[in-house]
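Heads up: the structure comes next, in structure tokens.
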2 protein chains.
Amino acid sequence: MNKSEVKVIAILERVGGFASAKEIYQLLLKNGDSVGLTTIYRALQSLVDDKLLDQLRREDGEAIYRLCGESHHHHLVCKKCGETVEIEGGAIEKWAKNMASEFGFREVDHTAEIFGICSNC
Amino acid sequence: MNKSEVKVIAILERVGGFASAKEIYQLLLKNGDSVGLTTIYRALQSLVDDKLLDQLRREDGEAIYRLCGESHHHHLVCKKCGETVEIEGGAIEKWAKNMASEFGFREVDHTAEIFGICSNC
DNA sequence: TTTAATGCAAATACTTTGCAGGAAA
DNA sequence: TTTCCTGCAAAGTATTTGCATTAAA
């Protein structure tokens, strides 16, 4: 594991959830670290190969990464103003696990988001 | 719904599962239909907007499409081969409703997908 | 010195958009 | 005519690769 990979892991720890290559890149720059996007991609690829990161896809096809085994949360997003609340998804975790095992799927992951209009809008 | 959209629907009926834009394009060509890839993309986009198709992503980020049933359901998708199972999400519906009301959100909608590797892969 | 890591630029793959010509109403 | 549909070519975005430079061992 080289320096870039350590940096990427550190950022993802700080983020505590999913982030795309570009987001990680920008966080590193903001951090004062000097890196190229290429290096981020290479670090991410290597970390996924080593099974230290999970890789999923956003709806628009962009790849997003997360530390393996990290407990994650979901979002409640306002369709109008974009305000976002992080919520626990205990029920969903169980649902995903049950459904997956019912149909014989392994290495299971999931995405879930709730959209609505917040009380201010 | 115009001619191209009808053609796309017909192909997806024949396929009986997911297909990417390129796959649909090639099937149409093999069929003797003369179409451009651009038109396929436009038809797909329009059908997704009209909620006649579900759109998901393969592991490599390519979009895949398929006819969607009318009832609200969720998907259990194989990250490798794209095989998909439609599943009921009773638990999720409740979770979404509860979370939304807890935080004062209304006009609530949600997305939820489970990813894994199916028993054949 | 020998190997591994880096980053720019170019290449690739998927998808969207601008635009002009053609079909349909 | 007026509007919609098409498809080529160009643009856009995410990601990967070639290659020469640099850092590390």
Side-chain angles (χ1 to χ4, degrees), chain A residues 1-12 15 17-67 109 111, chain B residues 1-12 15 17-66 68 77-82 84 111 113 115:
Chain A
M1 195 157 75
N2 64 33
K3 273 183 198 166
S4 310
E5 291 168 26
V6 172
K7 284 182 195 169
V8 165
I9 297 247
I11 288 289
L12 283 173
V15 166
F18 281 105
S20 70
K22 242 196 224 157
E23 286 161 1
I24 292 168
Y25 173 64
Q26 279 157 357
L27 286 169
L28 280 170
L29 291 191
K30 211 183 275 178
N31 227 28
D33 277 307
S34 157
V35 260
L37 191 49
T38 305
T39 301
I40 303 296
Y41 275 111
R42 277 196 275 240
L44 287 169
Q45 191 52 62
S46 160
L47 291 166
V48 168
D49 289 346
D50 293 348
K51 301 201 190 305
L52 293 174
L53 297 187
D54 284 333
Q55 179 182 26
L56 286 181
R57 294 277 166 180
R58 281 211 253 261
E59 238 176 61
D60 67 353
E62 197 183 16
I64 50 179
Y65 305 85
R66 183 190 66 194
L67 292 175
D109 214 329
T111 64
Chain B
M1 196 155 77
N2 64 34
K3 273 182 200 167
S4 310
E5 291 168 24
V6 172
K7 284 182 195 169
V8 166
I9 298 248
I11 288 290
L12 283 174
V15 167
F18 278 103
S20 70
K22 241 196 226 157
E23 287 161 0
I24 292 169
Y25 173 64
Q26 279 157 356
L27 287 169
L28 280 171
L29 291 190
K30 212 183 277 178
N31 227 28
D33 276 307
S34 158
V35 260
L37 190 50
T38 305
T39 300
I40 303 296
Y41 274 112
R42 277 196 276 239
L44 287 168
Q45 191 52 63
S46 162
L47 291 167
V48 168
D49 289 346
D50 293 348
K51 303 203 190 306
L52 293 175
L53 297 186
D54 283 333
Q55 177 184 25
L56 287 179
R57 294 277 166 179
R58 280 211 254 262
E59 220 179 23
D60 68 353
E62 197 183 17
I64 49 180
Y65 305 83
R66 86 159 199 186
C68 82
V77 186
C78 178
K79 290 192 264 195
K80 280 247 166 73
C81 69
T84 301
T111 64
E113 307 279 340
F115 303 92

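Lettering follows sequence order; numbering is per chain, from 1.
At whole-Å resolution of the value, CD in Glu23(A) and P in dT15(D) are 11 Å apart. At whole-Å resolution of the value, OH in Tyr25(B) and C1' in dT16(C) are 16 Å apart. Asp60(B) places its CG atom 13 Å from the C1' atom of dT15(C), with the value rounded to the nearest Å. Whole-Å rounding puts the Tyr41(B) OH to dT13(D) P distance at 16 Å. In this entry the distance linking NZ of Lys22(A) with P of dT15(D) reads 8 Å, nearest Å. One atom, CD of Gln55(A), and another, P of dA14(D), lie 15 Å apart when rounded to the nearest Å. Atom CG in Leu44(A) sits roughly 15 Å away from atom C1' in dT6(C) (whole-Å rounding). A straight line from CD of Glu62(A) to P of dT16(D) spans 12 Å, rounded to a whole angstrom.
Remark: Asn2(A) is not in phosphate contact with dA24(D), judged by side-chain N or O atoms under 4.0 Å from OP1 or OP2. Taking only side-chain nitrogens and oxygens, Gln45(B) comes nearer than 4.0 Å to OP1 or OP2 of dT16(C).
Considering only the side chain of Arg42(A), dT6(C) comes nearest among dC5(D), dT15(C), dT6(C). The listed nucleotides are dA24(C), dT6(C), dC8(C); the one nearest the side chain of Thr38(A) is dC8(C). Of the candidate nucleotides dA5(C), dG7(D), dT16(C), dG7(D) has the atom lying nearest to any side-chain atom of Val35(B). Out of dT15(D), dT6(C), dA24(C), the shortest distance to the side chain of Thr39(A) is found at dT6(C).
Residue contacts for Ser4(A): at a heavy-atom cut-off of 4.0 Å it reaches the sugar-phosphate backbone alone, with no base atom in range. Residue-level contact check: Ser46(A) touches neither bases nor backbone, having no heavy atom under 4.0 Å from any strand. Within the 4.0 angstrom heavy-atom criterion, no nucleotide atom of any strand lies near Arg58(B).
Residues Ala21(A) and Ile40(A) come closest through the heavy atom pair O-CG2, 3.9 Å.
Between the CG atom in Leu37(B) and the CZ atom in Arg42(B) there is a gap of 10.5 Å [rounded to 0.5 Å].
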